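Each remark here refers to the structure printed beneath this line.
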Amino acid sequence: MERVNFQAIEKKWQKKFEASRLHNKNGKKFYCLEMFPYPSGKIHMGHVRNYTIGDVIARFKFMKGFDVLHPMGWDSFGLPAENAARLNNLNPKKWTEQNIQTMKTQLKKLGLSIDWDLEISTCDVDYYKHQQEMFIDFYNAGLVSRKETYVNWDPVEKTVLANEQVINGKGWRSNAVVERKKLSQWFFNITKYSRELLKDLENLPGWPQKVKLMQKNWIGESIGCELDFKIKNENKKIRIFTTRPDTIFGASFIAISVDHEISKKFENDSKFKDFKDQCSKIGTTEEALANAEKIGFDTKLFVEHPFIENKILPIYVANFVLMDYGNGAIFGCPAHDQRDFDFAKKYELPIIKVVSENEDTSQNELKEAYTGNGKMINSSFLNGLNVSDAKNKIIEKIVLNKIGEKKTLFRLKDWGISRQRYWGCPIPMIYLEDGSVVPVDKSELPIKLPEDVNLSDSGNPLKNHPSWIKTVHKKTGKPALRETDTLDTFVDSSWYFIRFCSPKSKNPYDVKSTNHWMPVDQYIGGIEHAILHLLYSRFFMKAIKRCDEKITCSEPFKNLFTQGMVCHETYKDSDGNWLYPEEVKKINEKKAINKLKKTEVKIGASESMSKSKKNTIDPETMIKQYGADAVRWFILSDSPPEKDIQWSDTGVYSASKFLQKIWNLTNTVINAKKIKNDISRAKDFENKINFYGFKIDKAINNFQLNVAVAQFYEVYRYFNESISQSITQKTLSNGLIKILKLMLPFTPHLANECLQNLNCKDVDKWPEINSKVLENLEINFAVQVNGKTRDIILIKKDLSEKDVDKIARKSSKTSKYIIDKKIVKTIFIKNKIINYII
RNA sequence: GCCCUCGUGGUGAAAUUGGUAGACACAAAGGACUUAAAAUCCUUGCCCUUUUGGGAGUGCCAGUUCGAGUCUGGCCGAGGGCACCA
């Protein structure tokens, strides 16, 4: 048999793919998008999986007659470029551009149907100048603000560190102890959209439930009320927020945050200072904070209980009360909140039960807080009500007494977008001499990043630049200083999908194209972006719509698919160093040796491929060895796309063998001898091919690409068995064309080549699947006795109970169970089973 | 701690959504072809039986049903998200 020359075939077809587009003039639009990559240097298997899945969908939709938009770009701003540039004394721009070139060449070798005319790169001035314009629009629409927040400050590098750059409280490069420093930073007011972002999740049936739930929890709605407590002997009030106003009669203290206005009174008190120190020593990780002991500082101040005359409650400053949620103050009801319970135990505060599970009004000692439902006790006018009715009644009273109001809070915080970095989009704001901050005039855009920067000095290169920072306020002609912060790279990726609709437009987007192509019909990417990227993008869409009423789209991604990771075993040498798979020779499942040193290698668990553990497989090597089609075929087979997949060398090898068989089959069919046609055989053959077409089409629609691949193996086997039967060359050829067309989205090079050899003229058309033919097929039908399957009979579809019964009883396998027995009942389900109860 | 998802052969997984459990693939064992190897093809898969057959069986325990991998309740285990959010 002739071996398929996949290298020649792939080269030939990739040239054609580059020149062709997935456009169907009169077709319905379909925007297929995979999350664009960060140009880190080379593509990895994760990219291969992501983009192969996307390519199958894009090609499939195109063949089905859709007008498909399938673009690709580069998320090219970010910290790694800066680091790499420092390390190799390169310009970040050059480093990035080189990587893009390499990765683009690699992507083309996968045979993707990408429209490279639409390519964009976020570090391009042509891209980020529009972003600056949008920033100004957002600013003018009141969606940008400036606030003080804490950052991780590296005193040696004189720079702000990202959370992942802080290792055990020290800077990753300088190893200096990281300080918490308060900086004034820019924010997008995403919290203005909390309610909308939450509510609109309901309009996204095409999103995984899991992602929607994660976003829902992230936004974190809680419904409750605000309530004022009057401070005793002072003409002042403390406003608190609670979701349990029903437990007000169980209140035994007020707790406020360390940063609360009232806490400031004690700043010169040495005991308070000690307390503050103690709080800051607890640790910085969130888990440490959550499990930390609850401690408090007694202010010796009291408030009056709003509903119990002459009752007063002490005010404590407590480490577990957060300033940036609600009002930084709460009332503590120890009996029905675990934190309050712990606190009350420590400071010997009263624990008053006001909700009873079982109408027990006695005040037995509690071992832990009771947070469940029940009847109100000990609560004056609330007594006897259940929790939810009590909430309504007390809120009514609070409003009536004008001491508070109903309120809904969200956990979501505003999006901090300032980064003290060089390699990012400059924020188009300037500082005037009088201390005010204003946006630059739009006519002065773009604010270009200077290329002549010194990255080896510590601190922000933009701040260190001799001239870039200095500018002039256009309106007044007065000198001003530029903002040296650059934008978080999540901003870049929050609207690239809109830019793809009109990548050459002079404006950030062309309204007509945007309204035509948006929303993205199918978005595909990793689950790690479930919250931030997807939430920010949703915010951007809404913000753009607010700034421009001509935009009709309010949710950017109609359907979302999150694919799993690519995993591989890990290998460790006897000295504890990680080894690359190519350095290891496997003897069997549990044994492996170091190829060079011949020493034994420890085989570790299969984990997501990562450079640090060296369990990576280079896609380019695989493509060279087995061909792009085989790599694509393998990565789509075996595991469902949403789950993790194990990379296996034997797997990709067997994939290539199967593709060779398809090639052989094509040659066999082309050279098939003329034989007499057996009409009924030919009809059965056509029906069966049609049936597989139906199953494959359905599997792709359901994103069950692994199931589709399995169907191809089956249909191949069936086809191979049919060749020797009395079926004409023409029938065989038509059948194979059908199969190859179904295969085209998976293995575009091989399928195109074979189709060409079979003289197929309408390669781009999805084969017609005749659903009527399906009905004539014979089906396997189960015969059960007492619910146990005793026989499987082959019958015509849609046979009546009477006819099936006749055949079923005759079956020797069944009859021995029912002979001499009285059949009490017969259950018949058309086309499925008949069940005799004896 | 709270929330969510998932448990099917040696492995990755299918299962028409309550109706043939294990399709398809990897690995293993055995066999066919071959002087031999590679390649290719076939068989097996847990228990009993020489075979024909039969039985058990989808994490564990119960329940609903003629019939449960699928539905309900409880338990065990794995993974993920959130984390003092009042």
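Nothing here was measured: the structure is a model prediction, and the numbers come from that model. Every chain is numbered from 1, with letters handed out A, B, ... down the list of sequences.
If you take atom C1' in B:rA25 and the same atom in B:rC76, they sit 32 Å apart, rounded to whole Å. Atom C1' of B:rA23 sits at a distance of 8 Å from the matching atom of B:rA15, rounded to the whole Å. For B:rA78 and B:rG59, the C1' atoms lie 11 Å apart once the distance is rounded to whole Å. Remark: the separation of the P atoms in B:rC26 and B:rU17 is 29 Å, to the nearest Å. The same atom, C1', is picked in B:rA83 and in B:rC3; the two are 11 Å apart, to the nearest Å. Between the C1' atoms of B:rC6 and B:rG69, the separation comes to 13 Å (whole Å). Spacing of P atoms, B:rG18 relative to B:rC71, comes out at 8 Å, to the nearest Å. Using atom C1' as the reference point in both B:rG67 and B:rG19, the two lie 7 Å apart (nearest Å).
Remark: A:K345 pairs with A:E365 by the salt bridge (charged side-chain N to carboxylate O under 4.0 Å, His left out) rule, at least two apart or across chains. Qualifying side chain to side chain donor-acceptor pair (under 3.5 Å) partners for A:W647, counting only residues two or more places apart in sequence or in other chains: A:D649. Not counting sequence neighbours, the partners of A:E607 by the side-chain contact (heavy atoms from CB on, under 4.5 Å) test are A:T570, A:K613, A:N615. Partners of A:E528 according to the side-chain contact (heavy atoms from CB on, under 4.5 Å) rule, which considers only residues two or more places apart in sequence or in another chain, do not exist here. The side-chain contact (heavy atoms from CB on, under 4.5 Å) check on A:K698 picks up A:N702, with sequence neighbours excluded. Residues passing the side chain to side chain donor-acceptor pair (under 3.5 Å) test with A:Y571, sequence neighbours excluded: A:E569. Partners of A:D337 according to the side-chain contact (heavy atoms from CB on, under 4.5 Å) rule, which considers only residues two or more places apart in sequence or in another chain, are A:R339, A:D340. By the side chain to side chain donor-acceptor pair (under 3.5 Å) test, A:K147 is found to be paired with A:D414, residues two or more places apart in sequence or in another chain being considered. Every residue two or more places apart in sequence or in another chain was checked for a side chain to side chain donor-acceptor pair (under 3.5 Å) with A:W207, and none qualifies.
Going from atom CZ of A:R411 over to atom P of B:rG81 covers 14 Å, rounded to whole Å. The CG atom of A:D340 sits 19 Å away from the P atom of B:rG1 (whole-angstrom rounding). Rounded to whole Å, atom C1' of B:rG19 lies 15 Å from atom CG of A:D791. B:rU20 atom P lies 14 Å from atom CD1 of A:I795, rounded to whole Å. Between the C1' atom of B:rU16 and the OH atom of A:Y692 lies a distance of 14 Å, rounded to the nearest Å. When rounded to the nearest whole Å, the span between NZ of A:K216 and C1' of B:rG81 equals 14 Å. In this structure, A:Y718 places its OH atom 18 Å from C1' of B:rC24, rounding to the nearest Å. With rounding to whole Å, A:M323 atom CE is found 16 Å from B:rA86 atom P.
A perpendicular orientation is assigned to the rings of A:F712 and A:F746, their planes being inclined by more than 60° (bins at 30° and 60°). Using bins of under 30°, 30° to 60° and over 60° for the plane-to-plane angle, the ring pair A:W633/A:F658 lands in the parallel bin.
Within the nucleic acid shown, A:V321 comes within 4.0 Å of at least one base atom, counting heavy atoms only. Among the heavy atoms of the strands lying under 4.0 Å from A:A782 are primed sugar atoms or P, OP1, OP2 only; no base atom is included. In this structure, A:F241 reaches the bases: a heavy-atom distance under 4.0 Å links it to at least one base atom across the strands shown.
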Passes side-chain hydrogen bond (donor to acceptor under 3.5 Å, both in side chains), A:Y325 versus A:S222? Steps please.
CA-CA 11 Å; A:Y325 188 77; A:S222 46; 2.7 Å; yes
In B/S/- notation, 5' to 3', how is nucleotides 3-15 of chain B contacted by protein heavy atoms closer than 4.0 Å?
-S-------BSSS
Please write out each protein N/O paired with an N/O of nucleotides 40-42 of chain B under 3.5 Å, distance rounded to 0.1 Å.
{"residue": "B:rC41", "atom": "OP1", "partner": "A:K661", "partner atom": "NZ", "Å": "3.1"}

All N/O contacts under 3.5 Å from nucleotides 65-73 of chain B to the protein, with atom names and distances to one decimal?
{"residue": "B:rC66", "atom": "O2", "partner": "A:N835", "partner atom": "ND2", "Å": "2.4"}

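Across all strands shown, B:rU64 remains unpaired; no Watson-Crick or G-U wobble contact has both distances below 3.5 Å. With both pairing distances under 3.5 Å, B:rA39 is matched to nothing as a Watson-Crick or G-U wobble pair. Using the Watson-Crick or G-U wobble rule with both distances under 3.5 Å, B:rU5 pairs with B:rA78.
For the pair A:K832 and A:F781, the cation-pi test (distance below 6.0 Å, angle within 45°) is failed.
Neither OP1 nor OP2 of B:rA25 sits under 4.0 Å from any side-chain N or O of A:S637. OP1 or OP2 of B:rG55 sits under 4.0 Å from a side-chain N or O of A:R790.
Distance from the side chain of A:T650 is smallest for B:rA27 among the nucleotides B:rC84, B:rA27, B:rA83.
Looking only at distances, a side-chain donor or acceptor of A:R411 sits under 3.5 Å from a matching main-chain atom of A:W218.
Base orientation of B:rU17: syn (glycosidic angle within 90° of 0). By the rule that a glycosidic angle within 90° of 0 means syn, B:rG9 counts as syn.
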